[in-house]
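The structure under discussion appears below in the form of structure tokens.
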Amino acid sequence: MTTLKKLLRGFGLFLLLAVFLAAWIVLPWQALVGIAVLFALWMAFTRSGRQAASVTRVGVGTLRQRLGASSVVVIGIAGVVGVLVALLAMAEGYRHTVSSSGSDDTAIVLRGGSSAELMSVVSREAITAIERAPEVARDAEGRPLASAELVVSANVVRRDGEDGSVTLRGVGDMAWAVRPDLELVEGRRFETGRRELVVGKGAQRQFVGLDPGKEIRLGSQVWTVVGVFESGDAMESEMWADAEVVASTFNRGSSRASVFARLTDPKAFNAFKATLAADPRLQVEADTTADYFASQSEALTRVLRVIGIVVGSIMAIGAVFGALNTMFATVASRAREIATLRAIGFRGMPVVVAVMLETMLLALLGGLLGGLLAWLVFNGYTASTLAGGVASLSFEFRVSPELLWQGLKWALAIGFVGGLFPALRAATLPVTDALRAM
Amino acid sequence: MKYFHLVWAALFRRKTRTFLTLASILAAFLLFGMLDGIRTTFAQLGQSADGAQRLQTTSRLSIVETLPISLESRIRRVDNIEEVTWANWFGGAYQNPRNQLFTFAVAPNYLDLYPEVDVEPAQLEAWKRTRDGILVGQQMMTRFGWKVGQRIPLQSTIFPNSDGTLNWSFEIVGVLRGKEGRSAGFTDALILMHYDYFEEATPYVDDTVGWYISRVSDVNRSDAAAKAIDALSANSPNETKTMNEQAAMAAQLNQMADIGLIVGSIMGAVFFTLLLLTGNTMAQAVRERTFELAVLKTIGFTSASVLGMVLAESILLVVLGGVLGLGLAAVLSPVVTAASNGVISLPAIGWQSWALGLGLMVVIGLLVGALPAMRAMRLNIVDALAGR
């Protein structure tokens, strides 16, 4: 009978825990702050709350005596949070770099069915038709703000001595006008008709010989680097050159891969899409650049996030057991003290709360430490990957406040689970046994 | 080993604590198993004996540029080259343009250069006969539930069909499998179609191929052969770059991301945490037993055997948890791979991972046991019995 009762109780506890954790994940931070405030009020103004506060004070005051064991909880949780935040920061950095490359008021036009620029071909006639669409904005001289661009990948030597590939974008004058955020930080633009390159800061960082004034070989031709640009997005991993010269070097004829067009208004996009669809000569698909780049980053970001969460979860399970171990030992070493408190009239609740609070405090410390470490080591750390399977894209890890908050939530959840069972043990320990022990 | 029962009894002196510690160690080695599988797969790609024999020739300009088909007969004449084949990128996607599959259009003799790939002879014959037939990797067959004989639609992300659309249709005529006892590696998720059919059907490809693969007869002179192949088209518009398959693969993977660095730092964090947790447990276990250890010494156990017993206990603890964790990883990896529908592919855990894992377990066991064991060895019987 007692075994069944125990089993049922254990199961009930487990359910409660699951519900709590689910709520913990779902609730926004405002609700959590609300809970914390209510809890503080309970502690300050009710009798059992005040009892809990005083028991906690004793527990926290004697923490120093259990420094070794308590630091296990702190460092264990710091490890989990650090790894989790670092992995998520990688996903976040990649997503941010790729998706900030687009905006709602520029559109990208590719051949129908092509999922990326590198696989798309748009003919000369189609380009002319796209540029004439009434929704495309015009500059002061009445020229459409549309840039037909060519994308190829070129082999360049990386910093580590191996060959790597870079996106080489062939552009015309309009490319600069379509992307006002792009800024030339060194040198000058390339001159039309010459083998000159302007390189992105990210590409310059990753590959050798991309400094202004230097010459590099692409295939059998020699090119001169004349400038460096900065844009804070995926374009920074590219090299730019005159479209005509790129087309002749890479045998692309007069076709281009894509057309970037600045629209008169972000709301004009649907009309623009309809205009293109209505033209029977065109077999193209338009997207806002915001949507296009978001979808480009979607798959890899998801994989990186899943890896982060799977690794974090397994580590968290390990840390929960570590915390349980430490807190059970803490409760055991303080058994006599806790029993004395209960013998002189303290109820179970304050004892449970005190042990829980102590664990949560350690967890909070661990979470802060892990977040800080991840931020110190990885914020701004540059990594690179192959984008679209063929050209490298460099991006920075981003340890954002949201990620740090998420790490703290994990830390507190681990602390909660790791403290709950030892706390219940402390409250249910038979008083007489505990007093007689030791 | 005659004290094994003593060590065992000491290990389970406090059951809750031991089980909780075991669970932490289990979690750490579960992670180790999954990550190390990934690391070794990356390290092994292209490293087979067959891979060393193969040279890969691509355009020097970029990996997406094509080469003229006339190069084939010239490569054949290079000293030390036994056999040459070629392939072209097709850019296949199934159901949705983002669901891209590795699809190559290859020469009829392509599989001759890949002896590690096994195709049933009848299916190979059928492939050679069927113009629009394809061979599909085992893993991909399972992933989409395809059957031999089925027609499937594929969309090319680059090449239009003869009717001007990007839609193609193929008949699955055979399955690519790894030869018994050998991993098919990359080919497990590959689709092979006929280059001839591809070239005829698409207006964009005219006597050009993506890359050549050649087999050398003497591996020791393969560098010279690679140089000779590149010399064939030096200073032409189609300069080439030739390296052995392993180097080509490594260069490609290096660009994907610093897999080694990321996996290494995660494992570092995991094991640091683990050391701390287990070390703490062992310290507790020895502290609690001071009295018992003193009794052992009193009845004649030497200091060395006490040291040995505590060390054995900690190694046993880590090895037990570690083997359970690695075992669990071995069971879970295929489950995760299947459940993620090809998004994440965790390889099976090979003997290298087991060997490295067992080594790590013993080292960690020694490390965490060292301090408590020394303490136990130096224990002064009189002080310990007096409870000082």
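Protein chains get the first letters and strands the later ones, always in sequence-line order, with residue 1 at the start of each. No experiment lies behind these values; they were computed from the predicted model shown.
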Between CD1 on residue B:I25 and CZ on residue A:F321, distance to nearest 0.5 Å: 12.0 Å
Residue selection (most heavy-atom pairs with chain B, distance under 4.5 Å) from A:L87, A:I317, A:V311: A:V311
Side-chain heavy-atom pair A:R111, B:P160 within 4.5 angstrom cut-off: yes
Pairwise distance CZ(A:R217) to CD(B:E239) - rounded to 0.5 angstrom: 5.0 Å
Side chain to side chain contact (heavy atoms under 4.5 Å, CB included) assessment of B:F272 paired with A:I75: CA-CA 9 Å; B:F272 177 71; A:I75 296 178; 3.6 Å; yes
B:A23, part contacting chain A, at a heavy-atom distance under 4.5 Å: both
Choice from B:L30, B:T165, B:L31 maximising heavy atom contacts with chain A below 4.5 Å: B:L31
Closest non-hydrogen atom pair, B:S24 against A:G318: OG-O, 3.2 Å
Rounded distance [0.5 Å steps], CG in B:L20 versus CZ in A:F421: 10.5 Å
Separation between OG1 of B:T16 and CG of A:L324, rounded to the nearest 0.5 Å: 10.5 Å
Interface moiety of A:S71 toward chain B, non-hydrogen atoms closer than 4.5 Å: backbone
Segment of A:V83 engaging chain B (4.5 angstrom heavy-atom cut-off): side chain
Region of A:V73 that comes under 4.5 Å of a non-hydrogen atom in chain B: neither
Proximal component of B:L276, with respect to chain A [non-hydrogen, under 4.5 Å]: both
Over 12 non-hydrogen atoms of neighbours within 6.0 angstrom of CZ in B:R17: yes
Separation between CG of A:N325 and OG1 of B:T21, rounded to the nearest 0.5 Å: 4.0 Å
Which of A:G76, A:A329, A:A316, A:A154 touches chain B most, by non-hydrogen pairs under 4.5 Å: A:A154
